[in-house]
Structures are given as C-alpha cells and as structure tokens.
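Below: one structure, written as structure tokens.
Reckoned from all heavy atoms, side chains included, excluding hydrogens, waters and symmetry mates.
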Amino acid sequence: MPLNKLRQQLESLEAELAALENLDPAQRQRLEEAIAQLRASAEEEDAAALGDPTLAERIEASMDDFQTSHPQLTRLLSNIATVLGEMGI
C-alpha cells in the first residue's frame, strides 16, 4: 500500500532529521513543516492534500538544499517523491 510506504519513509526521515545537529534552522523548519503536512494528509488519506503543489515544491527545494551536505536526507526525500509518484501525485 502506498500510504504505508509513505508513512514508513516519513518515520525514517523524521529519525534522520532528529539525529542531525548541524542543520540550518530555516531548513529544518521548512522540512519539518513539509513532514507534518505529509503525515497529516497520509493519516487522513487525503490524496488532494498530498498533491498540493507547494508541498511538492518544498520537497524538491529540500532535496536541492541537502544534496551535497546531507545525502541521506536527499535519499529519503527522493523515496518520498517516488511513493507520491506511485500514488499518482
């Protein structure tokens, strides 16, 4: 089930984010907000909210921000984007 995969990826991303100490506060906040929106939408099984273009933009911006400095975060964000794609979002 795509929603279960999304939830698993969000848990992994939250754990990775919690372990990072040297993350810019603005980047952390942007990512935490995106995670919260994804989690709320997944819990409500709200595909329309998951397809919010601003959410996709935040995920992509985070991937760009972390590509060299935090490759693990980039991988997890990519996995989430893949799951959303599998859901047609």
Side-chain angles (χ1 to χ4, degrees):
M1 301 208 102
L3 281 176
N4 288 335
K5 288 171 70 174
L6 178 59
R7 288 180 187 114
Q8 290 171 346
Q9 291 300 317
L10 288 171
E11 288 174 12
S12 296
L13 182 58
E14 288 171 324
E16 183 67 23
L17 186 59
L20 288 176
E21 296 177 6
N22 62 341
L23 190 60
D24 176 71
Q27 290 177 321
R28 181 181 296 275
Q29 180 178 0
R30 184 173 57 236
L31 190 52
E32 286 174 345
E33 288 171 357
I35 291 169
Q37 184 178 355
L38 281 166
R39 182 165 296 290
S41 299
E43 294 304 318
E44 295 174 13
E45 298 186 14
D46 185 352
L50 286 170
D52 178 355
T54 60
L55 179 57
E57 289 171 8
R58 284 187 288 179
I59 292 171
E60 288 179 24
S62 294
M63 286 173 56
D64 290 342
D65 289 346
F66 302 130
Q67 193 165 22
T68 56
S69 61
H70 302 289
Q72 179 68 5
L73 280 179
T74 302
R75 184 186 64 76
L76 291 167
L77 289 165
S78 178
N79 290 348
I80 289 171
T82 299
V83 171
L84 292 173
E86 290 172 1
M87 296 170 68
I89 297 169

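Without hydrogens or angle criteria, Arg28 side chain to Leu17 main chain gives a donor-acceptor distance under 3.5 Å.
Gln9 contributes atom CD, which lies 10.5 Å from atom CG of Leu84 (distance to the nearest 0.5 angstrom). Once rounded to the nearest 0.5 Å, the distance linking CD of Gln27 with CG of Leu73 reads 9.5 Å. Rounding to the nearest 0.5 Å gives a distance of 11.5 Å between NE2 of His70 and CD of Gln72.
If you check the side chains of Gln37 and Glu33, you find no donor sitting under 3.5 Å from an acceptor.
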* To do: Would you please test Leu13 and Leu38 for side chain to side chain contact (heavy atoms under 4.5 Å, CB included) and show each step?
  => CA-CA 12 Å; Leu13 182 58; Leu38 281 166; 6.0 Å; no

Identify every side-chain donor-acceptor pair in residues 59-69 under 3.5 Å, counting partners at least two apart or on other chains, and give the distances.
{"residue": "Ser62", "atom": "OG", "partner": "Arg58", "partner atom": "O", "Å": "3.0"}
{"residue": "Asp65", "atom": "OD2", "partner": "Arg30", "partner atom": "NH2", "Å": "2.0"}

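Side-chain contact between Leu77 and Leu31 is present, with heavy atoms from C-beta onward closer than 4.5 Å.
For residues 12-26, the set of pairs meeting the side-chain hydrogen bond (donor to acceptor under 3.5 Å, both in side chains) definition, not counting sequence neighbours, comprises Glu14-Arg39.
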